[in-house]
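The structure appears right after this line, and notes come after that.
From a predicted model like this one, the values you see are computed outputs, not experimental measurements.
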Amino acid sequence: MLQNILFLIVFMILVIPMGKYLYQVANCEKAFGDRIFNKVDNTIYKIFKIDKEEMNWKQYVLAIIITNAVMIFAGYLILRIQGIGLFNPSEIGGMEESLSFNTIISFMTNTNLQHYSGESGLSYLAQMLVIIYMMFTSAATGYAACMAFIRGLVGKKKTLGNFYVDMVRITTRVLVPLAFIVGVLLISQGVPQTLGGTETVRTIEGNLQDIARGPVAALESIKHVGTNGGGFFGANSSHPFENPTIVSNMIEMLSMMILPGACVIAFGYMIGNKKQSKAVFGAMGIIFLVGLLICWTSEKAGNPELAAAGLSQAMGNMEGKELRFGIDQSALFTTVTTSFTTGTVNNMHDTLTPLGGLVPMLNMMLNVVFGGKGVGLMNMLMYAILTVFLCGLMVGRTPEFLSKKLEGREVKLVALSIIVHPLLILAFSALAVAIPAGLEGITNGGFHGLSQILYEFSSASANNGSGFEGLADNTLFWNMTTGVAMFYGRYLAIVIQLAVVGSLANKKPVNTSVGTLKTDNFTFTILLVAIVLIIGALTFLPALVLGPIAEHLTIWA
């Protein structure tokens, strides 16, 4: 546990300067490396004839949708024809239609849910041109939307910036440099980076074994920096080629945490109120730490069923975990990957204890604990607006947030934004347990079977990508339903949230008074946590009671 505490302290130290740098990038202010990056950016603007004129929220949304749509169609085509000989030493064939649909939606929406095994399902061409490329562009899209969202909250002008400029700047100045640094660090720990094909070796038992390899470090670096999560190998970051040491494990966790955390710090700089960002960061941190404590203690407690069978549980629940990581690093990784909406895993979540598995599931259901690139911040600010509105009703005042009055239009859009997420999870889960095509995917009967379904749609809707891998999900039903959940979970949220700030941007700021609710202190942090838990967590409580909670009571009763 001391190791985890020291790790979190390092995160807190690094996230502050990174947040200031993100602010400088978003506001086009003077920053480190401008002499080089300005030349690179201007070259890209000229080649693609990018008009840097600022956009209103509708134009910004349209630019996101059109750009992403073009990449979706191009990526789908590559997956279907990946069987051509180019960069395909293992001679992997083209991907099936429904799986291609699921995969391309997954990686364009920054979800990276995988219904295939990377080393046997994709050629190197597809890994590089589709998977790695979209890990950059989907992360940049999310960050750009977040920065536009904050500009709308500040409301100094009716425009939200230029999507193409935002996307280029975050890619060249943040994602590419960080991915390069992390990639080199991972190579130093033994992660392979090669275009060579599968290697056949003779084992110490005298048998022959095929060992898959490839451009792993390049994928692993942006996979974590961009909070993506898709693994080069089916075992993801449990695989020794993706995550060979304790050091690589910490590098991967820190790289997936730093940019989402920095977005919250950048928010404080952009609105000119660092206390406000501390209040939001504090609310996220409280939920994160509570989840980590529950997951860690649950896994440390072990499995009483195995103890009754005579197996020692002194090490805790080690089923599905790597010995090189143990309980501490596995519990931390599990909490981090679902709080920061990455989806990479260093242990099999399907083998977690019921309460240990509830933590990552609930993190994705809430979808506000830091989240992916800016997504968690945008969702938490939706809850912040709702908190201000509810508190305003209690004291009979017109609610205000960041000097803007909140009226019927904004509150309705905020409510819609919050409702969409549980609707996707619960509606699709209900469909899965109601028809044979959904039930066929369940590999565990009873309460755990429901947990598998809830986890899958929570992961898809939250654009996380991890899974209870016991689910048999590579079927037409699961490929299509999770594909739709990923699509709407990503784009509906962005459209509604930008509509909210588009409305606020048109309003003149109002002067604060004695009766204005302060939103930059510890009291508001506690109120925010309470509203998230009351409205967010209670929405899912009936389903959770029938899944992981009932399973826990059954095992421990």
Item to check | Phe11 to Gly261 - nearest heavy-atom pair and separation | outcome: CZ-CA, 4.2 Å
Checklist entry - Strictly under 6.0 Å, is that where the ring centroids of Phe457 and Trp478 end up? => result yes
Item to check | Any side-chain donor near an acceptor of the partner, Thr109 and Thr111, under 3.5 Å | outcome: yes
Next on the checklist: Between Ser277 and Met270, is there a side-chain heavy-atom distance shorter than 4.5 Å?
Outcome noted: no
Checklist entry - What residues, two or more places apart in sequence or in another chain, satisfy side chain to side chain contact (heavy atoms under 4.5 Å, CB included) together with Ile419? => result none
Next on the checklist: Using 30° and 60° as the class boundaries, would you call the ring planes of Phe370 and Phe340 parallel, tilted or perpendicular?
Outcome noted: parallel
Next on the checklist: Please give me the minimum heavy-atom distance between Met486 and Leu113, naming the atom from each residue.
Outcome noted: SD-CB, 4.0 Å
Checklist entry - Any donor-acceptor pair under 3.5 Å linking the side chain of Asn236 with the backbone of Gly229? => result yes
Checklist entry - Distance-only, no hydrogens or angles: does the Thr172 side chain make a donor-acceptor pair with backbone N or O of Val168 under 3.5 Å? => result yes
Checklist entry - Is a side-chain donor or acceptor of Asn110 paired with a backbone partner of Asn463 at a separation under 3.5 angstrom? => result no
Checklist entry - Between Glu242 and Asn346, do the side chains contain an N or O donor and an N or O acceptor separated by less than 3.5 Å? => result no
Checklist entry - Between Asn4 and Asp328, is there a donor-acceptor pair closer than 3.5 Å when you use the side chain of the first and the backbone of the second? => result yes
Next on the checklist: For Leu528 versus Ala283, what's the shortest heavy-atom pair and its separation?
Outcome noted: CD2-CB, 3.8 Å
Donor-acceptor pairs are to be reported for all side-chain atoms of residues 352-369 against protein atoms at under 3.5 Å, with residues two or more places apart or in another chain.
{"from": "Thr353", "atom 1": "OG1", "to": "Glu299", "atom 2": "OE2", "distance (Å)": "2.7"}
{"from": "Thr353", "atom 1": "OG1", "to": "Gly356", "atom 2": "N", "distance (Å)": "3.1"}
{"from": "Asn363", "atom 1": "ND2", "to": "Thr338", "atom 2": "OG1", "distance (Å)": "3.2"}
{"from": "Asn363", "atom 1": "ND2", "to": "Ser339", "atom 2": "OG", "distance (Å)": "3.3"}
{"from": "Asn363", "atom 1": "ND2", "to": "Val359", "atom 2": "O", "distance (Å)": "3.4"}

Checklist entry - Going by heavy atoms in the side chains, are Ser138 and Phe107 under 4.5 Å from each other? => result no
Checklist entry - Out of curiosity, Asn273 CG to Leu402 CG, how far, rounded to the nearest 0.5 Å? => result 8.0 Å
Checklist entry - Where do Met18 and Tyr21 land on the side chain to side chain contact (heavy atoms under 4.5 Å, CB included) test, with the steps shown first? => result CA-CA 5 Å; Met18 180 56 71; Tyr21 179 66; 4.2 Å; yes
Next on the checklist: Between Gln329 and Asn347, does the side-chain hydrogen bond (donor to acceptor under 3.5 Å, both in side chains) criterion hold? Intermediate values first, please.
Outcome noted: CA-CA 10 Å; Gln329 289 288 302; Asn347 65 94; over 6 Å; no
Next on the checklist: Whether the Glu29 and Tyr23 side chains hold a donor-acceptor pair (N or O, under 3.5 Å, no angle test) is what I'd like checked.
Outcome noted: yes
Next on the checklist: Which residues pass the salt bridge (charged side-chain N to carboxylate O under 4.0 Å, His left out) test with Glu54, not counting sequence neighbours?
Outcome noted: Lys157
Next on the checklist: So for atom OH, which belongs to Tyr164, do other residues, nucleotides or ligands contribute more than 12 heavy atoms lying within a distance under 6.0 Å?
Outcome noted: yes
Checklist entry - Given the rule in the side chain to side chain contact (heavy atoms under 4.5 Å, CB included) test, do Phe428 and Glu456 qualify, once you have shown the distances and angles that lead to the verdict? => result CA-CA 10 Å; Phe428 277 118; Glu456 185 76 1; over 6 Å; no
Next on the checklist: As an exercise, state the distance from OG1 of Thr481 to CG of Leu424, rounded to the nearest 0.5 Å.
Outcome noted: 11.5 Å
Checklist entry - How far apart are the closest heavy atoms of Ser459 and Ser466, and which atoms are they? => result OG-O, 2.6 Å
Checklist entry - Are the side chain of Asn56 and the backbone of Lys58 linked by a donor-acceptor contact shorter than 3.5 Å? => result yes
Next on the checklist: Let's go through Met108 and Thr137 carefully: what are the C-alpha distance in whole Å and the side-chain angles of both, what is the deciding distance for side chain to side chain contact (heavy atoms under 4.5 Å, CB included) to 0.1 Å, and is it a yes or a no?
Outcome noted: CA-CA 8 Å; Met108 192 66 258; Thr137 56; 3.7 Å; yes
Checklist entry - Between the main-chain N or O of Ile294 and the side-chain N or O of Thr297, is there a donor-acceptor pair closer than 3.5 Å? => result yes
Checklist entry - When rounded to the nearest 0.5 angstrom, what is the spacing between CG in Leu386 and CG in Leu381? => result 12.5 Å
Next on the checklist: Can a donor-acceptor pair be found, under 3.5 Å and without considering hydrogens, that links the side chain of Ser417 to the backbone of Leu413?
Outcome noted: no
Item to check | Separation of Thr387 OG1 from Leu527 CG (nearest 0.5 Å) | outcome: 7.0 Å
Next on the checklist: Classify the ring geometry of Tyr455 against His349: parallel below 30°, tilted from 30° to 60°, perpendicular beyond 60°.
Outcome noted: perpendicular
Next on the checklist: Would you compute the distance between atom CG of Leu492 and atom CD1 of Ile496 and round it to the nearest 0.5 angstrom?
Outcome noted: 5.0 Å
Checklist entry - Does a donor on one side chain sit under 3.5 Å from an acceptor on the other, for Ser106 and Gln114? => result no
Next on the checklist: Set out, in order, the CA-CA distance, both residues' side-chain angles and the distance that settles side-chain hydrogen bond (donor to acceptor under 3.5 Å, both in side chains) for Asn464 and Ser458, then state yes or no.
Outcome noted: CA-CA 8 Å; Asn464 180 267; Ser458 297; over 6 Å; no
Checklist entry - Quick one: are Asn243 and Met253 in side-chain contact, heavy atoms under 4.5 Å? => result no
Checklist entry - Are Leu6 and Met250 close enough, and set up right, to give a side chain to side chain contact (heavy atoms under 4.5 Å, CB included), and what steps lead you there? => result CA-CA 11 Å; Leu6 292 175; Met250 291 188 172; over 6 Å; no
Item to check | Sequence-distant partners of Glu252, side chain to side chain donor-acceptor pair (under 3.5 Å), two or more places apart | outcome: His224, Ser237
Item to check | Polar side chain donor-acceptor pair, Thr482 to Asn102, under 3.5 angstrom | outcome: yes
Item to check | Phe267 side chain reached by Leu153 side chain, heavy atoms, under 4.5 Å | outcome: yes
Item to check | Main-chain N/O of Met256 paired with Thr227 side-chain donor or acceptor, under 3.5 Å | outcome: no
Next on the checklist: Side chains of His448 and Asp350, heavy atoms from C-beta outward: is any pair under 4.5 Å?
Outcome noted: yes
Checklist entry - How far apart are the closest heavy atoms of Ser255 and Ile258, and which atoms are they? => result O-CG2, 3.8 Å
Checklist entry - Between Tyr143 (side chain) and Leu22 (backbone), is there a donor-acceptor pair under 3.5 Å? => result yes
Item to check | Shortest non-hydrogen separation from Met147 to Cys263 and the atoms involved | outcome: CE-SG, 4.5 Å
Next on the checklist: Nearest 0.5 angstrom please: Ile105 CD1 to Met134 CE, how far?
Outcome noted: 8.5 Å
Checklist entry - Can you find a heavy atom in the side chain of Leu160 that is under 4.5 Å from one in the side chain of Met55? => result no
Item to check | Minimum side-chain heavy-atom gap Asn521-Phe524 below 4.5 Å | outcome: yes
Checklist entry - Would a distance-only check, ignoring hydrogens and angles, find a side-chain to backbone donor-acceptor pair under 3.5 Å from Thr337 to Thr344? => result yes
Next on the checklist: Under the salt bridge (Lys or Arg N to Asp or Glu O under 4.0 Å) definition, can you give me all pairs with a residue in residues 494-507, not counting sequence neighbours?
Outcome noted: Glu407-Lys507, Glu410-Lys507
Checklist entry - How about Val501 and Trp57: do any of their side-chain heavy atoms sit closer than 4.5 Å? => result no
Item to check | Qualifying salt bridge (Lys or Arg N to Asp or Glu O under 4.0 Å) pairs with a residue from residues 132-153, counting only residues at least two apart or across chains | outcome: Arg151-Asp166
Checklist entry - More than 12 non-hydrogen atoms from neighbouring residues, nucleotides or ligands closer than 6.0 Å to OH on Tyr488, yes or no? => result no
